[in-house]
Visitor: 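The structure under discussion is supplied below as structure tokens; questions concerning it will follow.
Values in this document were obtained by computation on a predicted structure and should not be read as measured data. In what follows, chains are A, B, ... by sequence order, proteins preceding strands, each numbered from 1.
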Number of protein chains: 2
Amino acid sequence: MTAQVRGLHARVLDTLGPAITGGDYPPGSVLRMDELSKEFEVSRSVMREAVRVLESMHLVESRRRVGVTVLPAPEWNVYDPQVIRWRLAGADRPRQLRSLTVLRSAVEPAAAGLAATHATAEQCATLTECAIGMVANSRGRQLEGYLLHDIEFHRTILRASGNEMFARLGDVVAEVLTGRTHHQVMFEDPDPAAVTLHVKVAEAVRERDAARAEQLTREITLGALEELDVLAP
Amino acid sequence: MTAQVRGLHARVLDTLGPAITGGDYPPGSVLRMDELSKEFEVSRSVMREAVRVLESMHLVESRRRVGVTVLPAPEWNVYDPQVIRWRLAGADRPRQLRSLTVLRSAVEPAAAGLAATHATAEQCATLTECAIGMVANSRGRQLEGYLLHDIEFHRTILRASGNEMFARLGDVVAEVLTGRTHHQVMFEDPDPAAVTLHVKVAEAVRERDAARAEQLTREITLGALEELDVLAP
DNA sequence: ACCCGAAGATAAGTCTGACTTTTAAGTCAC
DNA sequence: GTGACTTAAAAGTCAGACTTATCTTCGGGT
């Protein structure tokens, strides 16, 4: 689905990264370069590249005469998309999903408010199309089609805010929504109330009603939080 | 001030990173490995490590038979603390400062609300101490002392929220506040209204009044945004 | 004239071995 | 026990040879 070759170091990262974020190596653990390169059957140069990347994510720290030390979780660059993906694939997925959803509920309403004043005509059109797509796929277990439009909707809102920091969270939201659909068991069709809210947000943005767009989006994210409370302990 | 040796690759990054985020190499520019290693007078292995890190930040993309291509700004991992520092040191500092302040105004009120219900007794005490420190340094051009307490205040709020994503923004807020104090010419003492608001937030958190903590923090960040509107065009 | 496939060239990717540098830890004299 | 000195372990650096993917070009066929 994703990778092919993409470089040896990337393949090392694909297993070493999740292992660290997954807690296989508790903080303080010390790894040694040549042991790692033996274990992964790659040359030291490839191994160093991988370790350098982990170091830039603040997952590990490399010191002479000591080795590669695993850092405690609070040090990690949890906004790095790759780290997010690794953690969502791992064991503490529920906790991760919750903290990301809380972040969403802080950011997305603000983004929607800004989008109402900054969105281009094209972006308004995209929002409406997405909302229509969500409605069309909201019944009869068409979860995949629904998800695609849902992701595009939120991504457009974040981009239309005109704030690069908000825009960059589009991928994060996509991961959260995908995770919710695929892993969290969704027996039923999406909440009709949520669908209606999306339609109304598209409407509010088109009509340049910032306060309403913000408030409606707040209701959407609040709903997501409540849903999380129900499905996860 | 900061670095010493920290590895050759890090020294390369210190000049190549800012050069890219600063726009010295427009998106699409192609760099070649051996030219770079010549230019920086390091071996290719060191250069590769540096490029791998830049690649993990999505600043560049390395492809066989082509070279190292600079990616357009929307691709960059703008939440990476190092990227933030590079950009704040560069030319589009004002734009960066604004987008970060908008982010603050979305996140910090929510964090304060959560902090009101999650803060430990110790964290409440820290908040009060910081507020007192801010009051004490609010007159007579004691900007450095004021800044230190201001940073610690906001960092504590973010940490006390109990949300790791919020907590991780502590460094970002510190950079913004430091930037505002040092680069933005601050002729006068801090706004007395802001000082009062901080004291009240500490109070609200201590009294577990989430709504009030959130609202007061919203006023603080709104003030920061207005201040930016006045000082920057 | 146009399309397609083969050959060549180019730059990144990989591996290996020798060497350097930092620094933790152990040792010895006082 | 304290401090200076020695030792050794691990990361860091470098250089060179080789491999691999892929873009370009050139030639043959229709």
Side-chain angles (χ1 to χ4, degrees), chain A residues 1-17 19-20 25-72 75-76 82, chain B residues 1-17 19-20 24-72 75 82:
Chain A
M1 175 189 177
T2 43
Q4 325 221 32
V5 187
R6 211 170 87 252
L8 271 185
H9 80 106
R11 257 190 283 176
V12 171
L13 282 175
D14 279 344
T15 79
L16 191 50
I20 293 174
Y25 304 96
S29 306
V30 175
L31 313 170
R32 252 162 288 124
M33 277 291 198
D34 39 6
E35 284 186 14
L36 286 172
S37 54
K38 276 267 157 67
E39 189 181 331
F40 288 96
E41 298 177 303
V42 294
S43 68
R44 283 164 302 149
S45 36
V46 168
M47 203 59 214
R48 328 196 76 257
E49 292 170 25
V51 168
R52 280 282 115 82
V53 172
L54 292 175
E55 210 174 13
S56 88
M57 295 168 174
H58 285 87
L59 259 52
V60 303
E61 187 188 40
S62 177
R63 279 171 55 202
R64 270 178 154 138
R65 167 68 212 233
V66 175
V68 178
T69 315
V70 177
L71 294 175
E75 299 277 339
W76 300 347
Q82 194 149 36
Chain B
M1 178 188 173
T2 43
Q4 324 218 35
V5 186
R6 211 169 87 254
L8 270 185
H9 79 107
R11 256 189 284 176
V12 172
L13 282 175
D14 279 343
T15 80
L16 191 51
I20 293 173
D24 292 5
Y25 304 97
S29 307
V30 176
L31 313 170
R32 252 161 290 128
M33 277 290 197
D34 39 5
E35 283 185 14
L36 286 172
S37 53
K38 275 267 156 69
E39 188 182 331
F40 287 97
E41 298 177 303
V42 294
S43 68
R44 278 164 302 152
S45 35
V46 168
M47 202 60 216
R48 325 195 81 257
E49 291 170 26
V51 168
R52 282 282 115 83
V53 172
L54 292 175
E55 211 173 12
S56 87
M57 296 168 173
H58 285 86
L59 260 51
V60 302
E61 188 188 40
S62 177
R63 277 172 56 202
R64 268 178 154 137
R65 167 67 215 233
V66 175
V68 178
T69 315
V70 177
L71 294 175
E75 299 278 340
Q82 195 150 33

Visitor: Check each residue of residues 40-49 of chain A for a non-hydrogen atom within less than 4.0 Å of any atom in DNA chain D, then write out the ones that pass by number, or none.
Guide: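 Contacting residues: Arg48(A).
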Visitor: Please name all residues satisfying side chain to side chain donor-acceptor pair (under 3.5 Å) with Glu55(A), sequence neighbours left out, ordered by chain then number.
Guide: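 Residues passing side chain to side chain donor-acceptor pair (under 3.5 Å) with Glu55(A): Arg52(A).
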Visitor: What residues in residues 51-64 of chain A put a non-hydrogen atom under 4.0 Å from any atom of DNA chain C?
Guide: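 Under 4.0 Å from DNA chain C: Arg63(A), Arg64(A).
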Visitor: How many Å lie between CG on Asp34(A) and P on dC15(C), as a whole number?
Guide: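 Spelled out: CG on Asp34(A) to P on dC15(C) is 15 Å.
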Visitor: How many whole angstroms separate atom CZ of Arg6(B) from atom C1' of dT13(D)?
Guide: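 So the two atoms are 17 Å apart, to the nearest Å.
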Visitor: Can you find a donor-acceptor pair, distance only, under 3.5 Å between Arg65(B) side chain and dA9(C) base?
Guide: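 Yes, the side chain and the base share a sub-3.5 Å donor-acceptor pair.
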Visitor: Separation of Lys38(A) atom NZ from dA11(D) atom P, in whole Å?
Guide: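 One finds 13 Å between P of dA11(D) and NZ of Lys38(A), rounded.
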Visitor: Out of curiosity, Ser62(A) OG to Met33(A) CE, how far, rounded to the nearest 0.5 Å?
Guide: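 Rounded to the nearest 0.5 Å, the OG-CE separation comes to 5.0 Å.
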Visitor: To the nearest 0.5 angstrom, please state how far the CD atom of Glu39(A) sits from the CG atom of Leu16(A).
Guide: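 Between Glu39(A) CD and Leu16(A) CG, I get 8.0 Å after rounding to 0.5 Å.
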Visitor: As an exercise, state the distance from CG of Leu13(B) to CE of Met57(B), rounded to the nearest 0.5 Å.
Guide: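 One finds 6.5 Å between CG of Leu13(B) and CE of Met57(B).
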Visitor: Measure the spacing between CZ of Arg48(A) and CG of Leu36(A) and express it to the nearest 0.5 Å.
Guide: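 Rounded to the nearest 0.5 Å, the CZ-CG separation comes to 12.0 Å.
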Visitor: Drop me the distance from Asp24(B)'s CG to Ser29(B)'s OG, to the nearest 0.5 angstrom.
Guide: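 Output value for this atom pair is 9.5 Å.
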